[in-house]
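Since the structure comes first, as structure tokens, the remarks are kept for the end.
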Amino acid sequence: MRPFPHACMLGTLLAGLILPASGLAAPFAYVPNEKSGSVSVIDTATDTVVRTLPGGKRPRGIATDGTHLYISEAPSSSLVVVNIDTARQIKSIKLGESPEGVSVSADNRLIAAAVEESNSVVLLDARKRRQIAEIKVEGDNPEHAVFSPDGRWLLVSAENAEQVDVVDVRARRQVGSIPVGKRPRGIGFTPDGKRAYVACELVSTVYAIDMDSRQVIAEIKAGTYANGVAMAPDGSRVYVSNGKDATVSVIRTSDHQVEATIPVGKRPWNMAVTPDGRKLYVANGRSNSVTVIDTQRLEAISEIQVGELPWGVTIR
């Protein structure tokens, strides 16, 4: 869909300005561009890129507390901290070789980063910006480490695994694992934390997990090479990107049926939903774009050009 003329003009005017986040209305979508070494900032009200922030070299995973961006940087094996208002990198924290997914706990106190080569999750204090634990996991090449809504657990997916590992955040150790399909990637929790959904790429299947019993309660066929996962804020749907099909599957959590399949850009990867649940933003790695999906109409309404090789999206 082509944007309205006034939205195009607004985007053109703002894209060249360095404005503090407080000068514009939230929420914003932050998109790390792995090949460009930048973060594109999208105003979700207008669906235009309004700023470009530093992202280090080869940024991958990204999370935010609304004031800072926390970005995994592959060449330096570090977590880069960027102040959003000043558009400056303020710290670099060593993680280990080949860090990927990053998440922030709901209370903004902890940061978790999955580190592939060391088969570990690094836990950091967000306020002091320092490492407080390195937690070994069983899965080979961990890619995502995602906090449960209450911050009690981390679920960790790994590329060369057929399980997700369960980390007790307080105990700072792995306390279990849950068998799933080959190459688990994206993870999403329902808002109450009772269920988790894991996309397994090589079997193109999403696994619904009951967190109390730590058992798989449903296996849902998605598109080919299912990988990214985003949860609707009300928990009614889980969205799954399908890398080979260039689509997003919309799955109802009430009955685990695929409600819709929506075409997006090439090689869709990680995604995020706006806090009101009305829009889904999908990073398309091979299209150098972000597809915006209207979650009420269940259709793509815009495709926004960003930098090269966008890895994912976080919204705040």
task = For the pair Val216 and Val198, evaluate side chain to side chain contact (heavy atoms under 4.5 Å, CB included) and give the outcome as yes or no after the intermediate values.
result = CA-CA 10 Å; Val216 171; Val198 180; over 6 Å; no

ask   = Among the clusters formed by ILVMFWY side chains lying less than 4.5 Å apart, do Val313 and Val292 turn up in the same one?
value = yes

Within 6.0 Å of NZ in Lys266, more than 12 heavy atoms from elsewhere = no

message = For Tyr207, is the OH atom crowded, meaning more than 12 foreign heavy atoms sit under 6.0 Å from it?
response = yes

query = Would Ile178 end up clustered with Leu202 when hydrophobic side chains under 4.5 Å apart are linked, directly or stepwise?
reply = no

ask   = Quick one: does Val102's side chain get under 4.5 Å of Ile71's, heavy atoms only?
value = no

inquiry  = Pairing donors with acceptors under 3.5 angstrom, does anything connect the side chains of Arg60 and Ser98?
reply    = yes

ask   = Any side-chain donor paired with an acceptor under 3.5 Å for Ser38 and Ser36?
value = no

request  = Looking only at non-hydrogen atoms, find the nearest pair between Glu138 and Ser177 and report the distance.
outcome  = OE1-OG, 4.0 Å

key: Considering all heavy atoms, the nearest Ala158-Pro184 contact   = O-CD, 3.3 Å

query = If every non-hydrogen atom of Thr44 is compared with every non-hydrogen atom of Ala29, which pair is closest and at what distance?
reply = CG2-N, 4.0 Å

inquiry  = So does Leu309 get a backbone contact from the side chain of Asn288, meaning a donor-acceptor N/O pair under 3.5 Å?
reply    = yes

inquiry  = Testing the basics here: between Thr314 and Ala272, what is the closest heavy-atom pair and its distance to 0.1 Å?
reply    = CA-CB, 4.2 Å

ask   = Would you call Lys91 and Glu73 a salt bridge, taking side-chain N to carboxylate O under 4.0 Å as the test?
value = no

task = Please examine the side chains of Leu79 and Pro99, heavy atoms only from C-beta on, and report whether any two atoms are closer than 4.5 Å.
result = no

message = Do Arg183 and Cys200 have side chains that approach each other closer than 4.5 Å (heavy atoms only, starting at C-beta)?
response = no

message = Between Arg278 and Gln296, is there a side-chain heavy-atom distance shorter than 4.5 Å?
response = yes

query = Taking the side chain from Arg237 and the backbone from Glu259, do they hold a donor-acceptor pair closer than 3.5 Å?
reply = no

task = For residues Pro233 and Pro275, report the shortest heavy-atom separation together with the two atoms involved.
result = CG-O, 3.5 Å

task = Indicate the ring-plane relationship of Trp311 and His144, choosing parallel, tilted or perpendicular according to the 30° and 60° boundaries.
result = tilted

query = Any sub-3.5 Å donor-acceptor pair from Thr274's side-chain atoms to Lys279's backbone N or O?
reply = yes

message = Under 4.5 Å between side-chain heavy atoms, counting indirect links through other Ile/Leu/Val/Met/Phe/Trp/Tyr residues: same cluster for Ile93 and Tyr70 or not?
response = yes

key: Verify same cluster id: Val104, Leu154 (apolar side-chain graph, 4.5 Å)   = no

request  = For the pair Thr247 (side chain) and Asn242 (backbone), establish whether a donor and an acceptor sit closer than 3.5 Å, ignoring hydrogens and angles.
outcome  = no

key: Test side chain to side chain contact (heavy atoms under 4.5 Å, CB included) applied to Asp65 and Ile111, step by step   = CA-CA 10 Å; Asp65 58 10; Ile111 305 162; over 6 Å; no

ask   = What are the two closest heavy atoms between Ile262 and Ala300, and how far apart are they?
value = CG2-N, 3.8 Å

request  = Show your reasoning for whether side chain to side chain donor-acceptor pair (under 3.5 Å) applies to Asp165 and Gln163.
outcome  = CA-CA 6 Å; Asp165 294 328; Gln163 67 192 52; 2.5 Å; yes

inquiry  = Would you say that Ile84 contacts Tyr30 through its side chain, given a criterion of any heavy-atom pair below 4.5 Å between the two side chains?
reply    = yes

ask   = Does the side chain of Val240 reach to within under 4.5 Å of the side chain of Tyr197, using non-hydrogen atoms?
value = no

ask   = Quick one: does Asn33's side chain have a donor or acceptor within less than 3.5 Å of a partner on Lys35's backbone?
value = no

query = Do Phe28 and Arg51 touch side chain to side chain, with heavy atoms closer than 4.5 Å?
reply = no

Verdict with reasoning, Glu134 to Ser120, per side chain to side chain donor-acceptor pair (under 3.5 Å) = CA-CA 6 Å; Glu134 182 178 3; Ser120 66; 3.1 Å; yes

query = Any donor and acceptor pair, going by atom type alone, linking the side chain of Lys94 with main-chain N or O of Ser76 inside 3.5 Å?
reply = yes

ask   = Are Val50 and Thr48 close enough that some pair of their side-chain heavy atoms sits under 4.5 Å apart?
value = yes

Distance-only polar pair, side chains of Asp140 and Asn160, donor-acceptor under 3.5 Å = yes

inquiry  = Quick check against the 3.5 Å criterion: does Ser204 have a side-chain atom that pairs as donor or acceptor with the backbone of Tyr225?
reply    = yes

ask   = Hey, any chance Met231 and Val229 share a hydrophobic cluster, counting ILVMFWY side chains that come within less than 4.5 Å of each other, even indirectly?
value = yes

ask   = Strictly by modelled atom types, are Asn227 and Ser241 linked by a side-chain donor-acceptor pair under 3.5 Å?
value = yes

query = Is a side-chain N or O of Ser105 found less than 3.5 angstrom from the main chain of Gly151, in a donor-acceptor match?
reply = no

